[in-house]
Student: 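After the C-alpha cells below, expect a handful of questions from me.
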Amino acid sequence: MILARYLRREALISISAVAIVLMLIMATNLLARALSLAADGTLPANLVPVLLGFNLVKMLMYVFPVALFIGLMFALGRLNRDSEQTIIRSSGFGLWRITGALLPVAVPLALFTGWVSLFGWPMAEQARDRMVETAQSDYVGQQVPVGRFIEANEGRLVAYVGGVENGTHRRIFVFDESEDGSVAVESAPTGVIVEEDGQRYIALQDGRRIGGAIGQSDWNRLDYERHLIRLPGQVDEDDGQATVRTSGELWTSGRPDDRADLFERISQGIIALVLVLIAIPLAQAPPRSGRYGRLFWAFLIYALYFNVIPLVSDQIEDDSVGLFGGLLIAHGLFLLLWGLLFWSARGGWGRLKRQWMLRREHA
C-alpha cells in the first residue's frame, strides 16, 4: 500500500541517519583508544583497523535499539508537525495499521540485533582476543622498545634496553622483584632474542646479577655467561582460552552469573522491538506541537529501560530470579507501558473522562 511504503521510507531515512551518526561517534572514540594503545607500544599499529572492526560489531547491538527508537520518534514527529499523520489517520490508517506498516522495518533489525548479541558478538570477541594475543606475542619478540623503561607484572619487572645493532640488544638493565619480596638487579652488555618451548626470551650474555632481600645483609653476586629472561606480554597456552563464552555454553550452564550474561544478550533484540512499539504511540502529538516535543520522554524511557536491564541481571546473578522470570519482569513492564501509551493515543483517557462525567451527571 502507498501509505505503508511512505511510512517505511520515512522511518528508514531517519533510522539510518541516527545509526550513522552514532556509529561515527563510537568509531571515533574506539579509534582514539586504539591509537593510544598503539602509541604506548601495547598494540601493534597494523592491528588498529582490525581491532576497530571487531569492536564495531559489538557496538551494533547498542546502536540499533536507540537508532530504531529515536529514528522513529524523528520520523513520526515530523509527520505530526506537518499534519501528515493527522491526514493519514483521518483516512482510516489508524495506529494499528501504522504499527503493522512499520513492523517490516523493525522486526528484521531487531532480529539482526538479537543475532549480533547472541552469536555475532561472542564469535567476533573470541576471534579478536585470539588475534590480539597472537599479535602481541609476536610484537613483543620483534619490537622490544629501545631507549625507555619497560614495566610488567604491575611494576615488579622493569627493563631497559639502550640500543639495537644487527639484531643484538645492547646495554641491558633489569630489575626483578619476586613475590616473596626479594629483589634482583642485573645488567649485561649484550642480549639476543631467542625462542624456546614456544616462548620468547631475551638471552643476556656476559652479565652480572645482584640479588637479595631489602634490609638483609646476605646479598649475593652472580656473574654468568648466559641468562634467559622471559619477555612479558606473551600468552601461555592455558591462558589463551577465549574469555567470552558462546550463548550455547551459557544456556547449558547452571551458574547464575552465566544466566545473567545470557539474559543481557537475549534482552538486546527484545529491547529493540519493544522500543519500536513504544515509539509509535509516544510520537503521537497534536498537530504543529513541535517535532521534538516528545523526545524528552523518549530519552527518559530509554534511560530507564537500559538501567532496568542491569538491575534485573544482578537479581539473576544473585539467584533471586530465574532467566525467564527476569525476561518477564524487565520487558513486561515496558510492554505494559506500551499498552498504556497505545490506549491513551487512541483516546483512552478522553473516553474514561467522558464516562466519569456522565456518571457524575446521572448520580
Side-chain angles (χ1 to χ4, degrees), residues 23 26-27 29-30 33-34 37 42-44 47-66 108-140 153-154 198-199 232-275 305-332:
M23 289 298 289
M26 292 185 175
N29 183 39
L30 290 172
R33 291 170 56 188
L37 291 175
T42 308
L43 185 72
L47 207 61
V48 170
V50 178
L51 186 63
L52 180 63
F54 279 126
N55 285 333
L56 284 178
V57 173
K58 180 180 180 180
M59 293 299 105
L60 287 175
M61 64 184 186
Y62 298 109
V63 166
F64 275 155
V66 66
L109 290 176
L111 290 175
F112 178 72
T113 303
W115 179 86
V116 170
S117 178
L118 285 169
F119 306 106
W121 169 65
M123 289 189 296
E125 195 84 349
Q126 290 177 350
R128 186 201 67 178
D129 289 345
R130 288 193 296 267
M131 185 176 296
V132 170
E133 288 166 358
T134 303
Q136 283 184 330
S137 181
D138 294 340
Y139 185 69
V140 165
N153 299 336
E154 299 179 349
Q199 296 293 322
Q234 300 183 80
V235 181
D236 294 326
E237 264 185 47
D238 295 337
D239 297 336
Q241 304 295 328
T243 56
V244 178
R245 304 178 66 187
T246 65
S247 297
E249 292 172 341
L250 297 180
W251 176 263
T252 56
S253 172
R255 296 171 51 186
D257 56 336
D258 288 339
R259 288 200 301 269
D261 194 2
L262 183 61
F263 162 78
E264 293 184 359
R265 295 186 189 182
I266 295 174
S267 293
Q268 294 302 321
I270 300 175
I271 287 171
L273 188 58
V274 172
L275 286 177
Y305 206 163
F306 273 81
N307 278 282
V308 165
I309 297 301
L311 289 176
V312 176
S313 178
D314 290 341
Q315 295 300 312
I316 296 175
E317 190 170 351
D318 294 339
D319 213 9
S320 302
V321 182
L323 173 61
F324 294 104
L327 290 171
L328 183 62
I329 293 171
H331 305 291

Student: Report the C-alpha separation of Val66 and Phe306 in whole Å, then their side-chain angles, then the decisive distance to 0.1 Å, and conclude whether the side chain to side chain contact (heavy atoms under 4.5 Å, CB included) test is met.
Tutor: CA-CA 10 Å; Val66 66; Phe306 273 81; over 6 Å; no

Student: Checking Ser267 side chain against Phe263 main chain: does a donor-acceptor pair fall under 3.5 Å?
Tutor: yes

Student: Should Leu118 and Ile266 count as side-chain neighbours, where that means a heavy-atom distance under 4.5 Å?
Tutor: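 The answer is yes; the side chains approach within 4.5 Å.
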
Student: For Leu323 versus Trp251, what's the shortest heavy-atom pair and its separation?
Tutor: CD2-CZ3, 4.0 Å

Student: Between Thr113 (side chain) and Leu109 (backbone), is there a donor-acceptor pair under 3.5 Å?
Tutor: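 Yes, because the side chain of Thr113 sits within donor-acceptor range (under 3.5 Å) of the backbone of Leu109.
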
Student: Any side-chain heavy atom of Leu60 within less than 4.5 Å of one from Met23?
Tutor: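 Yes, their side chains come closer than 4.5 Å.
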
Student: Looking at CD1 of Ile270 and CG of Leu275, how far apart are the two atoms once the value is rounded to the nearest 0.5 Å?
Tutor: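 One gets 11.5 Å once the value is rounded to the nearest 0.5 Å.
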
Student: Taking all non-hydrogen atoms of both residues into account, name the closest pair between Gln268 and Pro65 and its distance.
Tutor: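 Closest approach of Gln268 to Pro65, heavy atoms only: O-CG, 4.1 Å.
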
Student: Work out which heavy atom in Glu317 is nearest to a heavy atom in Pro256; give both atom names and the distance.
Tutor: O-CB, 3.3 Å

Student: Checking side-chain contact (heavy atoms from CB on, under 4.5 Å) against Arg245, which of Leu250, Asp261, Leu262 comes through?
Tutor: Leu250

Student: Nearest 0.5 angstrom please: Ser313 OG to Arg259 CZ, how far?
Tutor: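 CZ of Arg259 is found 11.0 Å from OG of Ser313.
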
Student: Check whether more than 12 heavy atoms from other residues, nucleotides or ligands sit under 6.0 Å from atom CZ of Arg265, and answer yes or no.
Tutor: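 Yes, because the 6.0 Å sphere around CZ of Arg265 holds more than 12 heavy atoms from other groups.
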
Student: Write down the atom of Val312, the atom of Ala330, and the distance for their closest heavy-atom approach.
Tutor: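 Minimum heavy-atom separation between Val312 and Ala330: CG2-CB, 4.0 Å.
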
Student: How about Val63 and Lys58: do any of their side-chain heavy atoms sit closer than 4.5 Å?
Tutor: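 The answer is no, as the side chains (C-beta and beyond) never meet within the 4.5 Å cut-off.
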
Student: Measure the spacing between CD1 of Ile316 and CG of Leu311 and express it to the nearest 0.5 Å.
Tutor: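 If I round to the nearest 0.5 Å, the distance is 11.5 Å.
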
Student: For Leu52, which residues count as a side-chain contact (heavy atoms from CB on, under 4.5 Å) partner, sequence neighbours excluded?
Tutor: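 If we apply the side-chain contact (heavy atoms from CB on, under 4.5 Å) test to Leu52, skipping adjacent residues, the hits are Leu30, Leu31, Leu56.
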
Student: Only counting residues at least two apart or in another chain, list the ones meeting ring-ring contact (aromatic ring centres under 6.0 Å, His included) with Phe64.
Tutor: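 For Phe64, the residues satisfying ring-ring contact (aromatic ring centres under 6.0 Å, His included) (neighbours in sequence not counted) are Phe112.
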
Student: Do Gln126 and Thr246 come within less than 4.5 Å of each other through their side chains, counting heavy atoms only?
Tutor: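 The answer is yes; the side chains approach within 4.5 Å.
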
Student: Measuring from atom CG of Asn55 to atom CZ of Arg33, what distance do you get when rounded to the nearest 0.5 angstrom?
Tutor: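 Taking CG in Asn55 and CZ in Arg33, the distance rounds to 7.0 Å.
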
Student: Considering non-hydrogen atoms only, spot the tightest contact between Phe54 and Ala124 and give its length.
Tutor: CD2-O, 3.6 Å

